[in-house]
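Worksheet for the structure shown next.
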Amino acid sequence: MERGGANTSGRAEGRRRLDRLRRIAIDLSPLRASRDFRALWFGLLVSGIGYQFTTVATFFQVYDMTRSAVAVGLIGLVGFAAILVGTLLGGTFVDVVDRRTTLIWTQVASGAGSLLLLGGVVASTDSVGVVYVGISLIAGSSAIDASVRNAMTPRLVGNDLLPAAIALNQVVHNTTTLIGPALAGIVIARTSLGWAYGIDVGTYACMLLVALSIRPVPPETVDEHDAGWAAVRRGFAYLRGRHVLQAAFGIDIVAMVFGMPRALFPILAITRFHEGLEVVGLLFAAPAVGAVLGALTGGWVGRIRHQGQAVCWAVAAWGASIAAFGVVGSNLGLAVLFLALAGASDVISAIFRGAIIQLSVPDAMRGRLSGINFLVVAGGPRLGDLEAGIVASLTTPAASVVAGGLACIAGAGLIAWLVPSFRRYRPPSAAANPAAS
C-alpha cells in the first residue's frame, strides 16, 4: 500500500510540474493551426539570419573604412530615411493589393540590396556611399515586408491566437539576432565581407520561395480611398485621438532611440574589451539571448490583462539594464549578462505592444498601421545609432550608453503618467477568426 501510495503521489507531483511548465512554455498552437503561418515562420528564421549577417557586416565595413563613430551612426540615419520612404510608399497600396504578391516583391527588392553590397566588395569599391545605398534598399523594402507580414498574421491564425503568434515571431526575430551576429563575426573574421553578403542573398532567395508557396491573402474589403497618397494620410489620421495607440508607438521610440547602443558595439569591443570581431558579434547577440529565453517562457503573456502597464515596466527594465551595461567597465561577462536582461525586457514589451496595436486596428487599416509600427520599431534603433554615435563623440561611449538607459527609464515613467489610459489598458475580448489550416 505504501509503495502504491508513493507512486500515486509521485505521478501527481509529476503532473503538477508538467502543468507549471505548460503555463510558462511558449504556445505553439499558431504553428499547428495555420500551414501558411508555419511556412512564413520557418522562412523568416532563415532570412532573418542572413539579414543579421548584413547588419554586422555594414557596421564593421563603415567603421573599417572611416574609423569614425559618426559615420557608423549615419548608417542609422540612412536606414531610418529609407524606412520612412518605404512606409509612406507602402501605405499607398499595402491595404488594397494581395498581401502575398507584395511579400514576393519585397524579397526581390531586399535581395537586390544585398547583391549591391556584395558587388561592391567583389569590385573592391572603397566607397561608403555604395554601402549606404545598399542599406537604403534593404531597409526600405523591409518596411513594406514587415507591414505586410504583420497585417497578414491575424488573418492566418485568428485573433485568439494572435498573442501566441506574436510571441513565436519574437522567437524567430531574436533567435536570428542571437545566431546571426555571432556567425557573422566568425565568417567575416575568417573569410571576408563578401561571404557575409553572399549568405544574405541566398537567404532572401529561400524566403522568396516560401512567399511563392503560400496562398493569396487578398484584402477583405477594398475602398477606393485606400489607395494612393490619400490612403497614407488616412493611415496617419487614424491615430488622431487614439491615445493608447499613440503611447504604444511613443514608448517604443523612447526605448529604441535612447536605449539601443548597437552602433557603439564595434567601438566598445576594441576600446573597452580590447577584442575583435568575435566580441562584436557577441555584443550584438547578447540581447537576443535574453529575448529568446523571454519569448520561450512567455506562455503566461496571454493571461496578463493590464497590457499597457506591463509595457511601461518592461521598457523601464530595459533602460535599467542598458545603463548597467554602460557602467560595468571591461568585465565582458557582466556586460553580456546585462545586455541579455535588456533583451528579455524588450521582448515582453514587444509582445504586449504588438497585441495592443493589432487588436485595436481593423483589417482594412492593418497594413498601414503595421507600416507605422515598423517605422517605429526598426526606425527607432537607426535613430538610436545616430544618437549614440553623436553623444559618444561628444563624451565617451560609456557615457552615451548610461545616459541612454536612464533616458529610457524617465521616458517610460513620463508616458505612464501623461497617458493614464495606456497605463490602464486592458484588451477587449478577442473574437476568434477561423485560422487558415
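In terms of heavy atoms, C312 sits closest to I251 at CA-CD1, 3.9 Å. The two residues P154 and L162 make their nearest non-hydrogen contact at CG-CD1, 4.1 Å. Nearest heavy atom pair, residue V171 against residue A295, reads CG2-CB, 3.4 Å. Taking every heavy atom of both residues into account, L245 and I356 meet most closely at CD2-O, 4.5 Å. Nearest approach of Y197 to Q61, heavy atoms of both residues: OH-OE1, 2.7 Å. Of all heavy-atom pairs spanning I409 and A316, the tightest one is CG1-O, 3.6 Å.
In summary, the side chains of S29 and D27 do present a donor paired with an acceptor at a separation below 3.5 Å, with no hydrogens or angles considered. Residues S370 and R366 bring no donor and acceptor atom of their side chains to less than 3.5 Å of each other. Side-chain contact annotation: S141 with S110, donor-acceptor N/O pair under 3.5 Å present.
Test V257, V78, I75, L74 against L386 for side-chain contact (heavy atoms from CB on, under 4.5 Å) and you get one pass: L74.
Interatomic distance, CD1 of I49 versus CD1 of I179, reported as 5.0 Å (0.5 Å rounding). Put simply, OG1 on T203 and CG on L208 are 11.5 Å apart, with the number rounded to the nearest 0.5 Å. To the nearest 0.5 angstrom, L31 atom CG is 5.0 Å from L168 atom CG. With rounding to the nearest 0.5 angstrom, the CG atom of L156 is 6.5 Å from the CG atom of L40. In this structure, CD1 in I135 is found 11.0 Å from CD1 in I83, a value given to the nearest 0.5 Å. Atom CZ of residue F93 and atom OG1 of residue T101 lie 10.5 Å apart, to the nearest 0.5 angstrom.
For the pair R242 and Y238, the distance from NZ or CZ to the six-membered ring centre is under 6.0 Å and the angle to the ring normal is within 45 degrees.
In this structure the side chain of R353 never reaches within 4.5 angstrom of the side chain of F249, judged on heavy atoms. Side-chain contact between Q107 and D145 is present, with at least one heavy-atom pair separated by less than 4.5 Å. Using a 4.5 Å heavy-atom cutoff, the side chains of V62 and Y132 are in contact. Looking at heavy atoms from C-beta onward, F422 lies out of side-chain contact with H243 at the 4.5 angstrom threshold. The shortest distance between side-chain heavy atoms of S400 and L264 falls below 4.5 Å. Side-chain contact between I166 and T153 is absent, with no heavy atoms from C-beta onward closer than 4.5 Å. L369 is not listed as a side-chain neighbour of F374, based on a closest heavy-atom distance of 4.5 Å or more. Residues Y63 and I267 meet the side-chain proximity criterion, which asks for heavy atoms closer than 4.5 Å.
In this structure a side-chain-to-backbone donor-acceptor pair under 3.5 Å is missing from W318 to C408. Remark: the backbone N or O of A416 is paired with a side-chain donor or acceptor of R423 at under 3.5 angstrom. At distances below 3.5 Å, not a single donor-acceptor pair connects side-chain atoms of S349 with backbone N or O atoms of S345. Although no hydrogens or angles enter the test, the distance criterion places no donor-acceptor pair under 3.5 Å between the side chain of S34 and the main chain of P30. Within the 3.5 Å criterion, the main-chain N or O of V217 finds no donor-acceptor partner in the side chain of R155. A donor-acceptor contact shorter than 3.5 Å links the side chain of T92 to the backbone of L89. Of the possible polar contacts, none joining the S114 side chain to the G111 backbone as a donor-acceptor pair under 3.5 Å is found. Side chain of D95 to backbone of R368: a donor-acceptor contact under 3.5 angstrom is found. Using modelled atom types, one side-chain atom of Q246 and one backbone atom of L239 make a donor-acceptor pair closer than 3.5 Å. Of the possible donor and acceptor atoms, one in the side chain of N150 sits under 3.5 Å from a partner among the backbone N and O of A146.
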**Request:** Give the C-alpha distance, both sets of side-chain angles, the deciding distance and a yes or no for side chain to side chain contact (heavy atoms under 4.5 Å, CB included) between Y51 and I138.
**Result:** CA-CA 9 Å; Y51 175 80; I138 294 171; 3.9 Å; yes
**Prompt:** How far apart are the C-alpha atoms of V85 and F80, what are their side-chain angles, what is the distance that settles it, and do they pass the side chain to side chain contact (heavy atoms under 4.5 Å, CB included) test?
**Reply:** CA-CA 9 Å; V85 171; F80 176 78; over 6 Å; no
**Message:** Could you go through R100 and D36, starting from their C-alpha distance and side-chain angles, then the distance that decides it, and tell me whether this counts as side chain to side chain contact (heavy atoms under 4.5 Å, CB included)?
**Reply:** CA-CA 11 Å; R100 170 182 175 266; D36 286 347; over 6 Å; no
**Request:** Take V419 and V244, measure what side chain to side chain contact (heavy atoms under 4.5 Å, CB included) needs, and give me the verdict at the end.
**Result:** CA-CA 8 Å; V419 192; V244 170; 5.8 Å; no
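The environment of F284 atom CZ is dense: over 12 non-hydrogen atoms of other residues, nucleotides or ligands sit within 6.0 angstrom.
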